[in-house]
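One structure is given below, encoded as structure tokens.
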Amino acid sequence: MAVAERVRRNSRSGDTVLAVALVMVAAQLVWKFELVRRTYFRQDDFMFIARGLENGLTWDYLMRIDFGHLMPGAFAIHWAMGRLGVHNDLLAHALTMGLQAAAGLALLRLLWVLFGPRPAILVPLGFALVTPMTIPGLSWWAVVVETLPFQIALPMALASHVLYARTGRLRHVLAAAGWAVFGMVFFVKAPFILVLAFVLTAGWLGGVARLRRAWLLYLGVLVPYAIVFFQRLFTSVQLTNETFEPRLPSPEVAAQSMWTLLSGSLVPTALGGPWRWQPIGDDYALAATPAPLMWAALAVAAVAVTVSVLWRRRAWLAWLTLLGYFLLADVVPIMLGRVEVLGPDLSGFELRYVSSTAVVVALVIGLAFIPVRGEGRPWRRPPSRWRWAWVPLAAVVTAGSLWSVAAYADRPLGRNVKSYVRTAEQALAQVPAGSTVLDTYVPDKVAFPLFLYDYALHSRVVGPAAPHPIAWTRRLSGPVTDPLVFDASGRLRPARIDGVTIPAPAGGDCTPVGPDEVRFRLPAPVRDAEHTVQISYLNGAPTTLSARLGAAEARAVAGRNLGVTFTTLTGGGDELVLRTLDGTTCVGEIRLGVPVADDEKPAVPPRPVGE
């Protein structure tokens, strides 16, 4: 009877723990949806979607390594996204929340399998659900489709591995390998799942020697992956038109970046930080942990580690596992190239580099403080009256997390980028088919040309959404009729040349130009740069003009009758020299400068979307 009563009591306790855990997972979905629904695509999201539209679902497309990231699964999603509405943020939000829910349930399964249905598992679960460590990544679509599948794969693979270690059933080890492969399809850090399985087995599951079949299977997964990864790593062409060349930073830069990532990002966010953010535009932010709070977080972390090591057997191995994962999976990849581009401060406070580590931190918290199911002699010392000291600490961490997330969400997020992109797409839909649109770069808030090159052009960002053909041009050339250009809000307006103007002769006359050079004095000298030249003309027959500015010379075709033609010169000086290569023409007003949107002309659409 006593045994039966204990079984019923444990069953009721397990049901309560499960119910509370499911409520926690659901509550964080509601909470995070308030953030996610306000996000939009940003920066390289547009590049990935454009690349998906430009390519078929081929091996070369899927297996291209993008600055160290092998992610065929993510590329497949971008490929599909481009064909399901191009910038379909509703679909992106639905996928994000679905993956987030699966990640929470996967972690719950791991904690349940590893530690049993005890209330203590709600602590590491709660940490993973509320930590701000994952929030910047959750607001960036490209990061979501890499890291959230990994946060599903890691706990699912480890849970299956634990079941295999306990039962020896083949289906569990196959499931563990399968989940690891699933993670590798999306995220370059996924091979460390199997390394964690090895450490977990060595420290808590009875040793590694008896699981030889598992290690052989895992090697059979890791070796082909490594071969493909390194072959593609050194052959994939990047946006810079170069292949990857590993470059290590100086020891000083490496040490500073590692310390900043640890002390300014990982540790503070594990304790509810960073409490303050450094905005990067309207839609993203870096951690900006205040120095006093950073040192306080390090002190609290040191105390927590010390206490766990003093009371819990093998807690030292749990924390050593976290440190090793942080160094190998988080630090090493950014050391091999990104830290030189971004600098130690920018890379060190970039939480997306550690967002996927949240699930590892949750696991380590469990291993450091909770006995594994069936573990003998888990404690070094008997329970202390201070064993409930974690309760106020958990409350403070939860409050800090809520504060930090609210502070991150207190910004426009995707509103302004969405307004620009939707306005530009609507403009392309409303202008006639075949309209000539100057292909300029989108604003930096949408995509940085410095990093994305031609993928920051309007033709690549919003062009795919146009319902009919658009005549895109990088430079105005020849007798273009009514060229259009995007204004600051994403609307299309007639283009005008902003610079210097040589007016037509008084009385409405024009200046005859033939094979001999005719010099036109500029109102003010122009510096050596690229200039667009707009020439008004009256022709009896088509002709070709030669325009010279300093040493630079270019040609412009002029049609019959009254019209305007364009050409581009890269030079400088105080006069423009014209002549014809065939026939004669009569030149009216000449403009020289940069094409811009004419704010005095009607815009398409009349008002930006979202205003």
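Just the heavy atoms: all of them, side chains too, but no hydrogens, waters or symmetry mates, feed the values below.
- Of the N and O atoms on the side chains of R475 and S477, not one donor lies less than 3.5 Å from an acceptor on the other residue.
- Here the CD1-CE distance, from I334 to M258, works out to 10.5 Å after rounding to the nearest 0.5 Å.
- Salt bridge D454/R474: present, at least one basic N to carboxylate O contact under 4.0 Å.
- Using a 4.5 Å heavy-atom threshold, the side chains of F48 and V145 count as separate.
- In this structure, R415 has no salt bridge (Lys or Arg N to Asp or Glu O under 4.0 Å) partners at least two apart in sequence or on a different chain.
- For an aromatic pair to be called close, the ring centres must be under 6.0 Å apart, and F33 with H93 fails this.
- Looking at H161, its side chain never comes within 3.5 Å of a backbone N or O of L194 through a donor-acceptor pair.
- A salt bridge links R422 with D89: the distance from a Lys NZ or Arg NE/NH1/NH2 to an Asp or Glu carboxylate oxygen falls below 4.0 Å.
- For D44 and W140, the side-chain atoms include at least one donor-acceptor pair closer than 3.5 Å.
- At least one donor-acceptor pair closer than 3.5 Å links the side chain of T269 to the backbone N or O of L266.
- Evaluation of the salt bridge (Lys or Arg N to Asp or Glu O under 4.0 Å) rule for R38 yields no partner, not counting sequence neighbours.
- With sequence neighbours left out, T96 forms a side-chain contact (heavy atoms from CB on, under 4.5 Å) with V36, L138, W141, V144, L148.
- Judged purely by atom type and a 3.5 angstrom limit, Q43 uses its side chain to pair as donor or acceptor with the backbone of D444.
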Which atom pairs, donor and acceptor, lie under 3.5 Å between side-chain atoms of residues 401-410 and protein residues at least two apart or in another chain?
{"residue": "S401", "atom": "OG", "partner": "V397", "partner atom": "O", "Å": "2.8"}
{"residue": "W403", "atom": "NE1", "partner": "W275", "partner atom": "O", "Å": "3.4"}
{"residue": "S404", "atom": "OG", "partner": "G272", "partner atom": "O", "Å": "2.8"}
{"residue": "S404", "atom": "OG", "partner": "W275", "partner atom": "N", "Å": "3.0"}
{"residue": "S404", "atom": "OG", "partner": "G400", "partner atom": "O", "Å": "3.1"}
{"residue": "Y408", "atom": "OH", "partner": "S139", "partner atom": "OG", "Å": "2.9"}

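- A salt bridge does not link R460 with D439: every distance from a Lys NZ or Arg NE/NH1/NH2 to an Asp or Glu carboxylate oxygen is 4.0 Å or more.
- Note that CG of D283 is 8.5 Å distant from CG of N416, once rounded to the nearest 0.5 Å.
- Using cut-offs of 30° and 60° for the angle between ring planes, the Y325 and F192 rings count as perpendicular.
- S419 contributes no side-chain N or O that, together with a main-chain N or O of S489, makes up a donor-acceptor pair within less than 3.5 Å.
- For the atom pair OG1 (T58) and CZ (F75), the distance works out to 11.0 Å, reported to the nearest 0.5 Å.
- If you take OG1 on T423 and CG on L428, they are separated by 11.0 Å, rounding to the nearest 0.5 Å.
- N88 CG to R83 CZ: the interatomic distance, rounded to the nearest 0.5 Å, is 14.5 Å.
- Shown here are the side-chain contact (heavy atoms from CB on, under 4.5 Å) partners of E34, two or more places apart in sequence or in another chain: R37.
- Atoms CD1 and CG, on I152 and L107 in that order, are 11.5 Å from each other to the nearest 0.5 Å.
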Determine all donor-acceptor pairs shorter than 3.5 Å in which one atom belongs to a side chain in residues 225-233; sequence neighbours excluded.
{"residue": "R232", "atom": "NE", "partner": "M63", "partner atom": "O", "Å": "3.1"}

